[in-house]
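So that the names make sense, note that chain A is the first sequence line, chain B the second, and so on, each numbered from 1. Predicted model only: the values in this text are computed from it and were never measured.
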Amino acid sequence: MMKRIRIVELLELTDFGKEITTMGWVRTIRGSKNVSFIALNDGSCMKNMQIVADAEKIPADVLDRIHSGAAIHVVGTLVESQGKGQINEVQATEIKVLGEADPDHYPIQPKRHTLEFLREHAHLRFRTNLFGAITRVRHAMIFAIHQFFNDRGFYNIHSPIVTGSDAEGAGEMFQITTLDLNNLPRTEEGEIDYKKDFFGKQTNLTVSGQLEAELAALAMSQVYTFGPTFRAENSNTSRHLAEFWMIEPEVAFADIHDNMDLAEDMLKYVVKYALDNCKDDLEFLQQRLANEEKQKPQNERSMPLIEKLQFVLENDFERITYTQAIDILKNSKPNKKKQFEYVIEEWGADMQSEHERYLVEKHFKKPVIITDYPKDIKAFYMKQNDDGKTVAAMDVLFPQIGEIIGGSQREENYDKLMTRIKEMNIPEEEMWWFLDTRKFGTVPHAGYGLGFERLMLFVTGMTNIRDVIPFPRFPKNAEF
RNA sequence: UCCUCCUUAGCUCAGUUGGUUAGAGCACAUGACUGUUAAUCAUGGGGUCCAAGGUUCAAGUCCUUGAGGGGGAGCCA
């Protein structure tokens with residue numbers, strides 16, 4: 001393949017006079033009689049490389065084929081920039097058009113597009129400044145998460161994507177099958193005969209890797225999963241996807257407090273990683289957010305993005321129990337004045353997002369971890385506390401996003417776990433392998449699930465989760 | 001799934017009380033300009049007003065239904 005210098009490297013070079021080759025996609029081209037300027041981007045960074053095309057050196061029929069979106073191959077001399085705004089530029093000696101982009105049909109113009117329009121052109125939105133920045137930050141976050149866990153001696157586990165269990169208990173599942181839906185095999189009783197299906201049983205896409213992560217943790221001591229997760233909920237919100245990526249650490253010999261420490265350390269680590277490694281992209285995202293919020297009244301605007309990230313880094317998360325949270329809410333102004341849609345009457349109520357937002361955004365004004373929820377509103381596998389009423393669950397709540405992490409210490413006692421399984425009608429016969437861990441060498445352990453795209457919302461300041469994953473899947477949409 | 005708002009040029013939008021041939025900026029084409037920074041200036045082409053039905057002398061505008069999208073809620077990560 002042709003040798004090229006990536007634009008991120010090229011922008012730093014000062015050995016003027018050197019001949020270089022670079023390639024990329026044209027962002028804008030400005031022309032006058034004698035000279036044209038091309039802003040070239042190859043995705044390697046936020047900034048564009050300025051290519052100077054002299055009318056004497058570059059034939060008009062080549063320049064005529066260059067519009068926004070075209071891919072070009074540039075050979076030229078690196079020179080000190082004669083204009084303002086960049087230190088260097090490439091004085092082109094030869095330009096080859098690798099791929100034209102007919103401006104009558106190419107949808108991405110060098111102007112502001114709405115996020116909705118770009119969502120409908122998700123195959124081309126990588127070519128915008130915004131989605132270039134989001135894509136680079138997303139990569140950095142993925143990398144930082146693996147680095148965080150690797151540095152602490154965690155092992156990455158690939159939990160299965162196909163599951164034969166519907167006991168994961170985290171929502172509606174997508175069924176997968178190779179059966180002919182127009183001609184389903186039936187048993188004598190008239191039921192669908194799943195013995196004839198590919199796996200010999202009914203199977204679904206996973207809604208959580210937690211149960212398998214627990215199996216691994218109870219041998220490897222500390223593991224984490226980072227994989228795709230599927231929920232068939234009919235959720236139409238800016239915080240939900242049908243296919244999203246989840247990080248699920250699971251740690252043996254750990255309790256709920258260790259779990260909270262790990263969650264807080266991890267979030268701070270990855271936020272710091274973004275601040276240290278994605279400066280240009282974050283500055284661009286910060287500017288976008290500020291522009292977006294110009295229409296909002298002063299008191300509803302959030303703090304600048306980078307300041308917000310630093311704030312999370314520098315402050316301890318508030319840790320309170322569910323019981324304390326309910327007390328605060330009961331005595332809060334909006335509750336007394338009945339401004340909440342759901343007024344908090346008594347202990348045991350499930351908190352609505354308006355309550356979580358009040359605690360995080362109004363009362364504490366920082367991330368909050370709520371622990372020890374009533375057992376009746378939480379999952380069967382959570383560690384039962386001595387009070388008989390609560391479980392060692394924890395939710396990490398972030399401003400604007402709400403629940404970014406949900407986790408718990410796990411119930412390691414076989415009898416207590418069995419009691420909950422029976423009380424909550426979990427199909428016990430499907431759980432034998434999970435229950436085995438409590439029979440053989442059980443230990444206290446804990447873990448949580450982090451919604452990766454929700455973390456992305458926080459770090460990028462974007463407000464719709466469909467914009468922080470390249471190809472979002474949601475009800476009635478699986479395009480691209 | 002519920003509530004609510006929106007859908008007009010390739011894109012972003014305006015379109016008054018229902019009234020003649022539906023507008024602007026950007027993009028594009030042509031021309032001007034000795035180096036621009038989303039260049040500037042002049043000229044030009046470009047429309048199934050989301051779809052179907054209805055009210056009316058007359059519908060982009062009003063009504064009904066549907067589709068798609070935004071925001072909020074529920075469920076959750």
Between A:Thr237 and A:Thr463, who's closer to the 5' end of RNA chain B by nearest nucleotide? A:Thr463
Whenever both distances are under 3.5 Å in a Watson-Crick or G-U wobble pair, mark it; put RNA chain B into dot-bracket that way, with [ ] for crossing pairs and | when the partner is on another strand. (((((((..((((.....[...)))).(((((.......))))).....(((((..]....))))))))))))....
Is there a donor on the side chain of A:Ser235 or the base of B:C75 sitting less than 3.5 Å from an acceptor on the other? yes
Step through it carefully: locate the ring centre of A:His146, locate the ring centre of A:Tyr224, and say whether they are under 6.0 Å apart. yes
For RNA chain B, which residues in residues 449-458 of chain A have a heavy atom at a distance below 4.0 Å? A:Gly449, A:Gly451, A:Arg454
Can you check the distance between B:G18 and B:C75, where both ends of the measurement are the C1' atom (answer in whole Å)? 45 Å
Listed once per pair and sorted, the salt bridge (Lys or Arg N to Asp or Glu O under 4.0 Å) pairs that draw on residues 454-468 of chain A, sequence neighbours left out: A:Arg119-A:Asp467, A:Arg125-A:Asp467
Taking the side chain from A:Asp15 and the backbone from A:Lys18, do they hold a donor-acceptor pair closer than 3.5 Å? no
In numerical order, the residues of residues 362-376 of chain A whose heavy atoms come under 4.0 Å of RNA chain B are none
Counting primed atoms, P, OP1 and OP2 as sugar-phosphate and everything else as base, the B/S/- map of nucleotides 3-12 of chain B against protein heavy atoms under 4.0 Å is --------BS
Can you sort out the partners of A:Glu283 under salt bridge (charged side-chain N to carboxylate O under 4.0 Å, His left out), two or more places apart, ordered by chain and number? A:Lys279
Which donor-acceptor pairs under 3.5 Å do side chains of residues 50-58 of chain A form with protein atoms, sequence neighbours excluded?
residue : atom : partner : partner atom : Å
A:Gln50 : OE1  : A:Arg30 : NH2          : 3.4
A:Gln50 : NE2  : A:Glu89 : OE1          : 3.1
A:Asp54 : OD2  : A:Gln91 : NE2          : 3.2

Ignoring hydrogens and angles, are the base of B:G72 and the side chain of A:Glu354 linked by a donor-acceptor pair under 3.5 Å? no
Suppose we screen for ring-ring contact (aromatic ring centres under 6.0 Å, His included). Which residues come up paired with A:Phe398, at least two apart in sequence or across chains? A:Phe317, A:Phe458
Only one of A:Gln222, A:Gln210, A:Arg410 clears side chain to side chain donor-acceptor pair (under 3.5 Å) with A:Glu250; which? A:Arg410
Results of side chain to side chain contact (heavy atoms under 4.5 Å, CB included) for A:Asp395 - residues two or more places apart only: A:Tyr373, A:Lys378, A:Leu397, A:Glu403
Return all side-chain donor-acceptor pairs below 3.5 angstrom for residues 471-480 of chain A, not counting sequence neighbours, or 'none' if the list is empty.
residue  : atom : partner  : partner atom : Å
A:Arg473 : NH1  : A:Glu479 : O            : 2.9
A:Arg473 : NH2  : A:Phe480 : O            : 2.6
A:Asn477 : OD1  : A:Glu479 : N            : 3.2

Among the candidates B:A39, B:G74, B:U1, find the nucleotide nearest to the side-chain atoms of A:Ser353. B:G74
Quick one: are the ring centres of A:Phe226 and A:Phe452 less than 6.0 Å apart? yes
Among B:G70, B:C75, B:G69, which nucleotide has an atom closest to any side-chain atom of A:Gln352? B:C75
Taking for A:Ile405 and for A:Asn477 the nucleotide of RNA chain B with the nearest heavy atom, the one nearer the 5' end belongs to A:Asn477
Any N or O donor-acceptor pair under 3.5 Å from the base of B:C75 to the side chain of A:His240? yes
Same-atom distance (P) from B:U61 to B:G54, integer angstrom: 14 Å
For the base of B:A77, is there a side-chain donor-acceptor partner from A:Arg231 under 3.5 Å away? yes
Residues forming a salt bridge (charged side-chain N to carboxylate O under 4.0 Å, His left out) with A:Arg288, sequence neighbours excluded: A:Glu292
B:G71 phosphate, OP1 or OP2: any side-chain N/O from A:Arg239 under 4.0 angstrom? no
Side chains of residues 356-366 of chain A: which donor-acceptor pairs under 3.5 Å do they make with residues two or more places apart or in other chains?
residue  : atom : partner  : partner atom : Å
A:Glu361 : OE2  : A:Gln400 : N            : 2.8
A:Lys365 : NZ   : A:Lys362 : O            : 3.2
A:Lys366 : NZ   : A:Asp316 : O            : 3.0

